[in-house]
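Every chain is numbered from 1, with letters handed out A, B, ... down the list of sequences. Not measured: the values here are computed from a predicted model.
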Number of protein chains: 2
Amino acid sequence: MLMAVHCAECPLRRLPIFDPFSAEDVALMEELKIRETVVEPGATVLDQGSPAPYLFTVLSGMGLRHVRMADGKRQVINFLMPGDFIGLQGAVLEDMGHTIEATTRMVLCTFRRDRFFRIFAQNPQRAYDVVWLAASEEHFLGDALATIGQLPAIERVAWAIAQIHQRALALGLALGDTMPFPYRQQDLADLLGLSLVHTNKTLARLREMDIVVWRNDALHIRDPGQLHRLAGAEIEPARNRPLL
Amino acid sequence: MLMAVHCAECPLRRLPIFDPFSAEDVALMEELKIRETVVEPGATVLDQGSPAPYLFTVLSGMGLRHVRMADGKRQVINFLMPGDFIGLQGAVLEDMGHTIEATTRMVLCTFRRDRFFRIFAQNPQRAYDVVWLAASEEHFLGDALATIGQLPAIERVAWAIAQIHQRALALGLALGDTMPFPYRQQDLADLLGLSLVHTNKTLARLREMDIVVWRNDALHIRDPGQLHRLAGAEIEPARNRPLL
DNA sequence: CGACCTATTGACAGGTTTCAAGAAGTGTGG
DNA sequence: CCACACTTCTTGAAACCTGTCAATAGGTCG
């Protein structure tokens, strides 16, 4: 078993955003973790419509979840960052509702489905954490629906960027107001339900207003105040959460 | 304790869409259920931004979940029907991400938050069911995002109606191709991210095409084939699910 | 009957999409 | 090291879907 990182020394655990592990938690996770998986940019991690034989936690790298529709259109559900838990739908329901794809090279802590669900019998607190994560995801999706359903393009873009920046800050990925952002404009467009062209023009507006500059796979927040005003006050700092 | 319906005789349990209860399950649910709550049309059951001291399962009646935004706009997340489980977000996270409102008079099985989470320690299978429900909700929200983000008005409306009709069929609420539909056009508009006026005109088109007729709080599916074609093949019959 | 909410319809404005073409950046092979 | 293919990003113009405004009709309730 390739296990470059033992859960006891998991670098993510040191981040204050993640709830502390008990010794028992560490032991359980090490028991469940069967290996680390490395995926290259563009690779599909889990496929819409298939069950998930494995569950993953993102150790490093970035990716995205997206739904592919009958006519070929694509809806990005959200972006994946370290600490995100992947595959619950495919493990619990019979199939994944979306596809998971790597954008950069990613390293994934890998759990086997059958072993994973032992936690329900063995460690009720961890089972509760799974519910917490699912509820949190549901909360986010509700906000995303409201944003996409109700706001004009510039506010949608501002919302997405503000949201992503908050997460990056909590993960220590952002250096001040600058953060890595390896996605394409098409990805952001598909996240926000906008055309590529209009997304591009909206980004140009934000650039001219000197609010956000996206250049060379990096996002520079030039005016956080204006950004949050556009995003609607709904952007809260990322809250503490469990890590699996 | 007012307990008009004992879980053992719960009418919902008889529906084939719901997974069977073991004797132990019945006993646990009766222990958790503290009463039935009746709410009148228009009443708020749980409020966005507040914690949920109680969790509910809809016994009868219909309602909706919606997010209210800073500028007063409203995004409906989905419609509530019997068997739906309410309040998980408010119980697990510190606050509800959306408001829950009754559309018709509703009867709600009521669980106290603190007692409810005993199931994690006492009955791992039921805890798994909670995760199943959360994952299922997440699955639905992904589809909703894709629909609202990518499809034109007529397909959005068709999607929503086809989806709702499937659920009503599984719950025995639909008589053939007719089902009760107590909502206002504004509710459907806010669900689909469309204006009221455009929703009205789109419904008129579906009526003229003799695909769907919505009249007197009832929905008549006149041409299921065409409806599903418009909705995109993504409408599957409702799958079996746990009942809490 | 009057007040009020909901549904309907027409006209117009406007945000977004689509179409199209070109620029900029990246990687590969000669 | 340059040429070429390919992807991504930019920009302009026109078409179109959807939103807003406004007025009317229908229904319910006191």
Side-chain angles (χ1 to χ4, degrees), chain A residues 40-42 64 69 71-76 101 103-105 147-161 180-209 212-220 230, chain B residues 40-42 64 69 71-76 101 103-105 147-161 180-209 212-220 230:
Chain A
E40 298 302 321
L64 49 80
M69 310 186 76
D71 57 4
K73 293 201 192 77
R74 186 179 84 138
Q75 173 70 40
V76 172
E101 186 182 307
T103 299
T104 67
R105 163 186 283 238
T147 299
I148 292 170
Q150 305 296 330
L151 301 183
I154 195 166
E155 297 177 26
R156 294 190 210 180
V157 174
W159 173 82
I161 291 177
F181 198 68
Y183 301 96
R184 294 168 301 141
Q185 292 187 1
Q186 184 72 62
D187 296 325
L188 186 60
D190 289 344
L191 174 73
L192 297 174
L194 297 170
S195 70
L196 170 62
V197 172
H198 199 56
T199 301
N200 178 286
K201 288 173 178 167
T202 304
L203 287 166
R205 281 211 281 158
L206 288 170
R207 193 187 317 130
E208 287 153 18
M209 292 191 272
V212 173
V213 177
W214 175 6
R215 195 170 41 200
N216 298 336
D217 292 340
L219 222 38
H220 306 272
L230 276 175
Chain B
E40 297 303 321
L64 49 80
M69 310 186 75
D71 58 4
K73 294 200 192 77
R74 187 179 84 138
Q75 173 69 40
V76 172
E101 187 182 306
T103 299
T104 66
R105 164 185 282 237
T147 300
I148 292 171
Q150 306 296 330
L151 301 183
I154 194 167
E155 297 179 24
R156 294 191 210 179
V157 173
W159 172 83
I161 290 175
F181 197 68
Y183 302 95
R184 294 168 301 140
Q185 292 188 0
Q186 184 71 61
D187 296 325
L188 186 60
D190 289 343
L191 175 72
L192 297 173
L194 298 170
S195 69
L196 170 62
V197 172
H198 199 58
T199 301
N200 178 285
K201 287 173 179 169
T202 304
L203 287 167
R205 281 210 281 158
L206 288 170
R207 194 187 315 130
E208 286 154 17
M209 293 190 272
V212 173
V213 178
W214 175 5
R215 197 170 38 199
N216 296 337
D217 291 339
L219 221 40
H220 307 271
L230 275 176

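- Each end of the helix from C:dC1-D:dG30 to C:dG30-D:dC1 yields a helix axis from five base pairs, and these two axes differ in direction by 30° (to the nearest 10 degrees).
- Across the protein-nucleic acid pair, B:Gln150 atom CD and C:dT16 atom P stand 15 Å apart, rounded to whole Å.
- With a 4.5 Å cut-off on side-chain heavy atoms, A:Val157 and A:Arg205 do not count as touching.
- Taking every side-chain heavy atom of B:Arg184 into account, C:dT6 is the closest of D:dC9, C:dT6, C:dT16.
- One distance of note links OG1 of A:Thr104 with CD of A:Glu40; it measures 9.5 Å at 0.5 Å rounding.
- For residues 194-205 of chain B, proximity to DNA chain D is found at B:Leu194, B:Ser195, B:Val197, B:His198, defined as any non-hydrogen atom under 4.0 angstrom from a strand atom.
- Between A:Asp187 and A:Arg74 there is a salt bridge, since a side-chain N of the basic residue sits under 4.0 Å from a carboxylate O of the acidic one.
- Between A:Leu64 and A:Leu191, every side-chain heavy-atom pair lies at or beyond the 4.5 Å cut-off.
- Between the CD atom in B:Gln150 and the CG atom in A:Asp71 there is a gap of 8.5 Å [rounded to 0.5 Å].
- Separating the CD atom of A:Gln186 from the C1' atom of D:dT10 is a distance of 14 Å, rounded to the nearest angstrom.
- In plain terms, the two heavy atoms of B:Thr202 and B:Ile154 that are nearest each other are CG2-CA, 3.5 Å.
- Listed pair A:Arg207 / D:dC9 fails the phosphate criterion, with no side-chain N or O lying under 4.0 Å from OP1 or OP2.
- Remark: A:Leu192 CG to A:His198 NE2 distance equals 11.0 Å, nearest 0.5 Å.
- Shown here for A:Gln185 and A:Thr199, the closest heavy-atom pair between the two residues is O-CG2, 4.1 Å.
- Listed pair A:Gln185 / D:dT7 fails the phosphate criterion, with no side-chain N or O lying under 4.0 Å from OP1 or OP2.
- Side-chain contact between A:Trp214 and A:Leu188: present, with at least one pair of heavy atoms (C-beta onward) separated by less than 4.5 Å.
- Annotation: of the two residues near DNA chain C, A:Lys73 and B:Trp214, the 5′-most nearest-nucleotide partner is B:Trp214.
- Along DNA chain C, the nucleotide nearest A:Asn216 and the nucleotide nearest A:Leu151 are compared for position; the residue whose nucleotide lies closer to the 5' end is A:Leu151.
- Protein atom CG of A:Asp190 is 11 Å distant from nucleotide atom P of C:dT17, rounded to whole Å.
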